[in-house]
Protein chains: 2
Amino acid sequence: MSTKTPNKPCNYENQARLYKALMHPARLAILDVLRYGEHCVCHLEAALGYRQAYISQHLMLLRDAGLIEDRRDGWNNYYRVTKPDVYKVIDAALRLIGDNSDRDSISRFENPLPNCTCPKCNPDTQTNSDPHVCEPPITSPGKPSIV
Amino acid sequence: MSTKTPNKPCNYENQARLYKALMHPARLAILDVLRYGEHCVCHLEAALGYRQAYISQHLMLLRDAGLIEDRRDGWNNYYRVTKPDVYKVIDAALRLIGDNSDRDSISRFENPLPNCTCPKCNPDTQTNSDPHVCEPPITSPGKPSIV
DNA sequence: TGATTATATTCGATTAATCGAATATAATAC
DNA sequence: GTATTATATTCGATTAATCGAATATAATCA
């Protein structure tokens, strides 16, 4: 059956595609980590505790949906959200389901993670020359343990 | 695999459930018809052109998701949206995908539909004599053709 | 060059969603 | 009561999503 109604022929389809991309808990978690800035795959691994390949699969899907882009820097591949307005959808959804946590404060994922190997999380172990220099981490005093 | 991350354990799941309910073009179309008021199943049939059982299946799913409720009145079963904030999610999604149509004006679905048999669409044929005659619709000046 | 590190991709089995067809139910009319 | 109308539900086949395992690639280091 054609899912096109006689009216607004294609916006239902496009909208449904967006929700399909958002429909998975792991992808929502990934977008949560990326909310305040780009991060590499190993950071997502450390932050979320998922397998690397599993994360990569979901990243692929989000990329195909046009929600994220990647940028390679040396060993690491950094992902960032290309359409920040996606968080307007997410926040409206969170309000709808009754989530009242503060989403306007900076994410706990912005701090270095102990299990992450990327230069962003390990600024001191910059070997010889620093080809992939990352700005010093803003070590907030009360860095929360992720696990 | 558990899809729970060590953080926000269940909100990703609940949010994903919401998107799952919104993920289908037919369900988005249904919610579009119900945006400005309750309507019966035959109205949805007439407005969208889908089979009755098909619409009923999607209504069931939306009901299970807690987004709509029904109210029986004689022959007809009227559905309404229980969480109007769902349109905040939908509107944010429409803006994200670049839809600029005016959604604040009253829906074209609020007008009587020629192929709908419900009393709402046939106010004068209230009683016994021919129960399913569709009176000429109140053609509002700029009422767009549905087909 | 080969080894290592970070990440991407493919494959396949399992589970879930879709959707047509047929049937069931519940209210009303006669 | 039976017939009719509006709607709901079940069944089954097809398609799509999920996710672990294995493997591939691409940059870097020695």
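Residue numbers begin at 1 in each chain, while the letters A, B, ... track the order of the sequences. Both backbone and side-chain heavy atoms feed into the values below; hydrogens, waters and symmetry mates do not.
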Salt-bridge criterion met for Arg35(A) and Asp91(A) (N-O under 4.0 Å):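 Salt bridge: yes.
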
field: Note: Asp85(A)-Lys88(A) ion pair, threshold 4.0 Å (strictly below)
entry: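 Lys88(A) and Asp85(A): salt-bridged.
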
query: Among the nucleotides dT9(D), dC19(D), dT28(D), which one has an atom lying closest to any side-chain atom of Met60(B)?
result: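 Looking only at heavy atoms from C-beta outward on Met60(B), the closest nucleotide is dT9(D).
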
task: Select one nucleotide: of dT5(D), dT7(C), dT7(D), the one nearest the side-chain heavy atoms of Cys42(A).
output: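 Looking only at heavy atoms from C-beta outward on Cys42(A), the closest nucleotide is dT7(C).
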
Atom [atom1] of [X] to atom [atom2] of [N]: distance rounded to whole Å?
{"X": "Asn77(B)", "N": "dA26(C)", "atom1": "CG", "atom2": "C1'", "value": "10 Å"}
{"X": "Asn122(A)", "N": "dA6(C)", "atom1": "CG", "atom2": "P", "value": "10 Å"}
{"X": "Glu45(B)", "N": "dT5(D)", "atom1": "CD", "atom2": "C1'", "value": "12 Å"}
{"X": "Met23(A)", "N": "dA17(D)", "atom1": "CE", "atom2": "P", "value": "8 Å"}
{"X": "Leu59(B)", "N": "dA8(D)", "atom1": "CG", "atom2": "C1'", "value": "10 Å"}
{"X": "Lys20(A)", "N": "dA17(D)", "atom1": "NZ", "atom2": "C1'", "value": "9 Å"}
{"X": "Leu44(B)", "N": "dT7(D)", "atom1": "CG", "atom2": "C1'", "value": "12 Å"}
{"X": "Tyr54(B)", "N": "dG12(D)", "atom1": "OH", "atom2": "C1'", "value": "17 Å"}

message: Please compare Leu61(A) and Arg72(A) by the position of their nearest nucleotide in DNA chain D and report the one closer to 5'.
response: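 Nearest nucleotide further toward 5': that of Leu61(A).
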
task: Can you spot which of Val33(A), Leu34(A), Leu28(A), Asp32(A) makes a side chain to side chain contact (heavy atoms under 4.5 Å, CB included) with Ile30(A)?
output: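 Of all the options given, the one that passes is Leu34(A).
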
- request: Test Tyr79(A) against every option in His43(A), His39(A), Arg63(A), Glu69(A) by the side chain to side chain contact (heavy atoms under 4.5 Å, CB included) rule and name the one that passes.
  value: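 In the set His43(A), His39(A), Arg63(A), Glu69(A), the residue that makes a side chain to side chain contact (heavy atoms under 4.5 Å, CB included) with Tyr79(A) is Arg63(A).
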
- request: Just call it for Tyr78(B): base, sugar-phosphate, or nothing, with non-hydrogen atoms closer than 4.0 Å on any strand.
  value: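 The residue Tyr78(B) makes no contact with any strand.
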
message: Over all strands shown, is Cys118(A) touching base, sugar-phosphate only, or nothing at heavy-atom distances under 4.0 angstrom?
response: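 The answer is nothing, as Cys118(A) stays clear of every strand by at least 4.0 Å.
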
Does [X] place a side-chain N or O at less than 4.0 Å from the phosphate oxygens OP1/OP2 of [N]?
{"X": "Arg63(B)", "N": "dT7(D)", "result": "no"}
{"X": "Arg17(A)", "N": "dA16(D)", "result": "no"}
{"X": "Thr117(A)", "N": "dA6(C)", "result": "yes"}
{"X": "Asn76(B)", "N": "dT7(D)", "result": "yes"}
{"X": "Arg51(A)", "N": "dT7(C)", "result": "no"}
{"X": "His24(B)", "N": "dC19(C)", "result": "yes"}
{"X": "Tyr79(A)", "N": "dA8(C)", "result": "yes"}

query: According to the Watson-Crick and G-U wobble definitions, with both distances under 3.5 Å, which nucleotide is paired to dT9(D)?
result: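 Result: dA22(C).
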
- prompt: Can you find a donor-acceptor pair, distance only, under 3.5 Å between Gln52(B) side chain and dA6(D) base?
  reply: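 Under the 3.5 Å cut-off, the side chain and the base do not form any donor-acceptor pair.
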
task: Tell whether Gln57(A) reaches the base of dA8(C) with its side chain through a donor-acceptor pair below 3.5 angstrom.
output: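 Per atom types, no contact qualifies.
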
- request: Starting from the 5' end of DNA chain C, give me the residue, Ala53(B) or His58(B), whose nearest nucleotide shows up first.
  value: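 Of the two residues, His58(B) wins.
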
message: For Ala21(A) versus Leu62(A), what's the shortest heavy-atom pair and its separation?
response: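 That closest heavy-atom pairing would be O-CD2, 4.0 Å.
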
- prompt: What is the minimum heavy-atom distance between Leu67(B) and Val86(B), and which atoms define it?
  reply: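 Scanning both residues completely, I find the closest heavy atoms to be CD2-CG2, 4.1 Å.
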
